[in-house]
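For reference, the structure is listed below as structure tokens.
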Number of protein chains: 2
Amino acid sequence: MHKLKDSVRAFRWVSKPKKKLFVLDQLLLPNKEKWIPCVNHKQVAACIKDMNVRGAPAIGCVAAYGLALAAVEKKFNSPDALLAYVVQAKETLAKTRPTAVNLFWALERMMGFLALALAQAGSGKDSVQKIQKNLEDEAVRIFDEDLAANFHMGKLGAALFPNNAVILTHCNTGSLATSGWGTALGVIRTAYQLGKIKKVLVDETRPYLQGARLTAWELSKDGIPYELITDNMAAHIMKTEKVDAAIVGSDRISAQGDVANKIGTYGVAVLCKHHGIPFYAAAPTSTIDLKMKRGEDIPIEERSVREVTHIKNFSIAPAGAVARHPAFDVTPRELVTAVITEKGVARPPSLETIAQLFRPAAQKQAALSSI
Amino acid sequence: MHKLKDSVRAFRWVSKPKKKLFVLDQLLLPNKEKWIPCVNHKQVAACIKDMNVRGAPAIGCVAAYGLALAAVEKKFNSPDALLAYVVQAKETLAKTRPTAVNLFWALERMMGFLALALAQAGSGKDSVQKIQKNLEDEAVRIFDEDLAANFHMGKLGAALFPNNAVILTHCNTGSLATSGWGTALGVIRTAYQLGKIKKVLVDETRPYLQGARLTAWELSKDGIPYELITDNMAAHIMKTEKVDAAIVGSDRISAQGDVANKIGTYGVAVLCKHHGIPFYAAAPTSTIDLKMKRGEDIPIEERSVREVTHIKNFSIAPAGAVARHPAFDVTPRELVTAVITEKGVARPPSLETIAQLFRPAAQKQAALSSI
């Protein structure tokens, strides 16, 4: 059994003496490790929008901390004053990025919790302090639950890999994209701990190069063998070498199991189908949007084309080049072998297998025994 | 009918007062246009190896000029002395890049021509001069024939596109990759002249970015509408928008019609098959290697991984990152709708349809009428 350091974190919450969220600036990785201190929700929103922090589960956690910060940014004379301000902060945080559903999930959970706290609270200054404390506790719980989910997902997913496995992954789904450990990369980490990984093929993931800059960096830190490839090498390697599975994370999974994820994911899934290679998506159930049935309806963020025509400030295209930048794509469930969550594996993904994940354990057992 | 400038050239031959080959340094494009003057074959070989000039047909032309230069680099007292030197020069030029067959084709053609010239020549100084002149003429003929082939290929290929077509292309196959006009991009140019092109989708083509740096630049210069995309966006755009065909060039086509081309081509072909989109390869018959039946046997050049981990001198991966760099891949003929050459269209490519291209016109006619 390999021992992993798992020392990387995308953000750190400090409670005392003053509440602060430190965000690791992923735009500077792997060349520089710099932490951005956030003392208010607007700074947090800017970090999400500018992609200093990215990765659907990490965005959810950070947004929750953003609301916890909003609740202590000003002096509030009453719980209602606090509520009014936090509602505004929620709007600001919600507007940062449209595709990842964990952002909205975390904000809704925090707001639901706030509503409950308000209903139970009195109207005095003590109540304000109590609500502030409760909001912080809830953000920490979201973090803790995400971390626990990743470890559990790791076990469920690793069981699907053969021994001596060569696994391809796209984008970054590791500690940097989550509370820690990772979703798809968490599965790879756990499988490596169990001695099942021969090597990881890392798509560089243009245009933002999350694979080259972040995943290769995380794997280097943990000593897990990997090979970095340009996205367009995947097909050639699938044809000429042994690739046992591809595994990716997700920014939103529809109720019927379609997987929205970083641009390029859908292409990997098509290649896997052509070569008879299993294609897995690993994500916490907070990534599943039960309100949205079809993947086609998931909004796809269009980002600046400068991110395509330039690498840092270096131009790689002629001046005035016309370019495109859809930041995500959707893989229809037919191409997804299984969706791996902390609550179980939906295999193959469908309205039924996805719904099954949300049933209490007792009901699941009953449903299983009735088959 | 659109009028195109077609002003771009990858290299220019100057005969007087001193023979020189000027090579446009494609490594500096699109930011800078700098010409490298070559007065000997070693400079030409360096330009090919370092990819100042690239593209299979362009490499063939340039190598032929390299031999013409070798023949005048020194004072030769006899045709035999010239032959001995040119044989060495041929070895040097042949060692530059292994995948593109046009290089070997052009060198063999020049050497065959030299053998013939020697057989006919006397032994004096006059004979040396005559051979030198003949070699230069043959290199110019290779250039002229390639250019004529491209225009003809353009017509044959453009006929295969529908009106108002959206065409995806990979790498650079334009004037910069050939004697001029281009192979796959030549077909696009001709189709644009005929008013059939709505827009061109340009794969950026990592790691060397020939699409972003060269194809987008050529299309900009000619005013042909295009959109630059990262390689991994192609699948998403094929699924969500109208793409009528993909067309690529080739570095070597096997006798049964398998297509070796820039890394990423095979992935595009798989995506085309999945989405029911025709996939074409356009190349002069000098790209077809009749001695090699199966695409799997084509040697694939492995280039420096620094070209993957760095863009110019900027590192995009952690220090010491392990990376891969196969520079080409092979698309099996099953995925190729047609091979377009200056001698006709092999549709679908097979031993028979490819062999057919090499028959004299009269035989072709007879074969057709017997069907």
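Within every chain, numbering begins at 1; the chains are lettered A, B, ... in the order of the sequence lines, protein sequences first and strands thereafter. Below, each value reflects all heavy atoms present in this structure, side chains not excepted, and no hydrogens, waters or symmetry copies.
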*Using non-hydrogen atoms only, which part of B:Ser315 is less than 4.5 Å away from chain A: side chain, backbone, both, or neither?*
both
*Crowded around B:Lys199 NZ? As in, over 12 foreign heavy atoms under 6.0 Å?*
yes
*Would you name the heavy atoms of A:Gly267 and B:Ala235 that are closest together and state the gap between them?*
CA-CB, 3.5 Å
*Which bit of B:Lys262 comes within less than 4.5 Å of chain A, counting heavy atoms only: side chain, backbone, both or neither?*
neither
*Between atom CG of A:Asp329 and atom OG1 of B:Thr240, what is the distance when rounded to the nearest 0.5 Å?*
9.0 Å
*Tell me, for B:Ile311 versus chain A, whether the close heavy atoms (under 4.5 Å) come from the side chain, the backbone, both or neither.*
side chain
*Are the side chains of B:Arg206 and A:Asp231 in touch, meaning some heavy atoms are under 4.5 Å apart?*
no
*May I ask you to test the B:Met233-A:Val308 pair for a side-chain heavy-atom distance under 4.5 Å?*
yes
*Against chain B, label A:Ile237 side chain, backbone, both or neither, depending on which of its atoms sit under 4.5 Å from a heavy atom there.*
side chain
*asked:* Is A:Val330 close to chain B through its backbone or its side chain, or both, or neither, when contacts mean heavy atoms under 4.5 Å?
replied: both
*Where does B:Val202 contact chain A at under 4.5 Å (heavy atoms): side chain, backbone, both or neither?*
neither
_Report which part of B:His170 has an atom under 4.5 Å of a heavy atom belonging to chain A: side chain, backbone, both, or neither._
side chain
*Among B:Glu296, B:His275, B:Lys273, residue most engaged with chain A (heavy-atom pairs, under 4.5 Å)*: B:His275
_I'd like to check A:Arg324 versus B:Thr230 (side-chain heavy atoms, cut-off strictly below 4.5 Å). Are they in contact?_
no
*Closest non-hydrogen atom pair between B:Asn31 and A:Phe314, with its separation*: ND2-CZ, 4.0 Å
*Just give me the residue among B:Ile300, B:Ile263, B:Leu214, B:Ile229 that pairs up with chain A most often, heavy atom to heavy atom, under 4.5 Å.*
B:Ile263
*Cationic tip of A:Lys239 within the cone over B:Tyr266's six-membered ring, i.e. under 6.0 Å and within 45° of the normal?*
yes
*What are the two closest non-hydrogen atoms of B:Ala317 and A:Pro30, and how far apart are they?*
C-CG, 3.5 Å
*asked:* Are B:His274 and A:His274 packed together at the side-chain level, in the sense that at least one heavy-atom pair is separated by less than 4.5 angstrom?
replied: no
*Quick one: which of B:Thr215, B:Leu201, B:Leu219, B:Leu228 has the most heavy-atom pairs under 4.5 Å with chain A, could you say?*
B:Leu228
*Select one option (side chain, backbone, both, neither) describing which atoms of B:Pro318 are under 4.5 Å from chain A's heavy atoms.*
both
_Close side-chain approach of B:Ile316 and A:Glu204, heavy atoms under 4.5 Å_ = yes
*asked:* Report which part of B:Leu29 has an atom under 4.5 Å of a heavy atom belonging to chain A: side chain, backbone, both, or neither.
replied: neither
*If you draw a 6.0 Å radius around NZ in A:Lys32, do more than 12 non-hydrogen atoms from other residues or ligands fall strictly inside?*
no
*Quick one: CG on B:Asp203 to CG on A:Asn232, what's the gap to the nearest 0.5 Å?*
8.0 Å
*Give, as side chain, backbone, both or neither, the part of B:Lys221 having an atom under 4.5 angstrom from any heavy atom of chain A.*
neither
*Under 6.0 Å from the NZ atom of B:Lys34, do we count more than 12 heavy atoms belonging to anything else shown?*
no
